[in-house]
Amino acid sequence: QVQLAESGGGLVQAGGSLRLSCAASGLLFTANVVAWFRQTPGKERELVSAITGGDGGTYYSDSVKGRFTISRDSAKNTMYLQLNSLKPEDTAVYYCAARQGALIKMTPVWYNYWGQGTQVTVSS
C-alpha cells in the first residue's frame with residue numbers, strides 16, 4: 001500500500017521560513033511525479049510545486065516562485081518543500097501528492113496518492 005505523510009507545518013511570522021517534508025512508503029519518488037498542493041477555506045486546491053521522477057524537472061506557481069524550493073532525497077524516499085519569505089497569503093493546508101507518470105499535472109484529479117495535509121499559518 002502507498003502512504004504519504006506530511007510534516008513540518010506550524011505557525012510562523014511573516015518573513016520566516018518552514019521546511020515541509022513528505023515521507024513515502026509503497027512508491028519511489030524517483031519513479032513518480034511528486035507535488036505539493038495547498039488549500040485555504042473557500043478556495044480550490046492549487047498546485048504549488050512539483051518535481052518529476054525522470055529528470056528532476058520542477059514547477060513552481062507564480063505566487064511562490066523564488067521563495068519556495070522543492071527537492072527530494074532518493075535515499076530516504078522523502079520530498080521536501082522549503083518555504084522562505086513567508087507571507088500571510090501562504091497560510092493554507094499543504095498536501096503532498098504523487099502520480100504515476102512522467103508529466104506534471106495542474107489539477108488534483110490527476111494525482112493518485114495524497115497525504116493528510118499539514119497546516120501552515122503565517123501571521124503578520
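Note that the numbering runs from 1 along the sequence shown for the chain.
Residues that satisfy the side-chain hydrogen bond (donor to acceptor under 3.5 Å, both in side chains) test with T69, not counting sequence neighbours, are absent from this structure. Remark: K65 engages D62 in a salt bridge (Lys or Arg N to Asp or Glu O under 4.0 Å) (not counting sequence neighbours). Applying the side chain to side chain contact (heavy atoms under 4.5 Å, CB included) criterion to Q116, with sequence neighbours excluded, gives E6. Judged as a side chain to side chain contact (heavy atoms under 4.5 Å, CB included), and not counting sequence neighbours, the contacts of T78 are S21, A23, K76, Y80. For Q82, the side-chain hydrogen bond (donor to acceptor under 3.5 Å, both in side chains) test picks out N84, with sequence neighbours left out. Shown here are the ring-ring contact (aromatic ring centres under 6.0 Å, His included) partners of W114, two or more places apart in sequence or in another chain: F37. Under the rule for a side-chain hydrogen bond (donor to acceptor under 3.5 Å, both in side chains), the partners of R67 that lie at least two apart in sequence or sit in another chain are D90.
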Would you give me the side-chain donor-acceptor pairs under 3.5 Å for residues 104-111, sequence neighbours excluded?
from : atom 1 : to   : atom 2 : distance (Å)
T107 : OG1    : W110 : NE1    : 3.4
Y111 : OH     : K105 : N      : 3.3
Y111 : OH     : K105 : O      : 2.8

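When atom types are taken as modelled, the side chain of N32 and the backbone of A98 share no donor-acceptor pair closer than 3.5 angstrom. Although no hydrogens or angles enter the test, the distance criterion places no donor-acceptor pair under 3.5 Å between the side chain of R19 and the main chain of G9. Using a distance-only test at 3.5 Å, with no hydrogens or angles considered, no donor-acceptor pair links the side chain of T121 to the main chain of L11.
Connectivity analysis of hydrophobic side chains (ILVMFWY, heavy atoms under 4.5 Å, direct or indirect) links L28 to nothing; its cluster partners are none. Through side-chain heavy atoms spaced under 4.5 Å, either directly or across other Ile, Leu, Val, Met, Phe, Trp or Tyr residues, L86 is tied to V2, L4, V12, L18, L20, L27, F29, V34, W36, V48, I51, Y60, V64, F68, I70, M79, L81, L83, Y94, Y113, V120, V122.
The environment of CD in Q13 is sparse: at most 12 heavy-atom neighbours from other residues, nucleotides or ligands sit within 6.0 Å.
Between G101 and V33, the shortest heavy-atom distance links the atoms O-CG2, 3.3 Å. Between S124 and P88, the shortest heavy-atom contact is CB-CG, 4.2 Å. What you find for A92 and T40 is that their closest heavy atoms are CB-CG2, 3.4 Å.
Among residue pairs with one or both ends in residues 41-50, those qualifying as side chain to side chain donor-acceptor pair (under 3.5 Å) are R38-E46, Q39-R45; sequence neighbours excluded. Residue pairs meeting the disulfide (SG to SG under 2.5 Å) criterion with at least one partner in residues 72-108, sequence neighbours excluded, are C22-C96.
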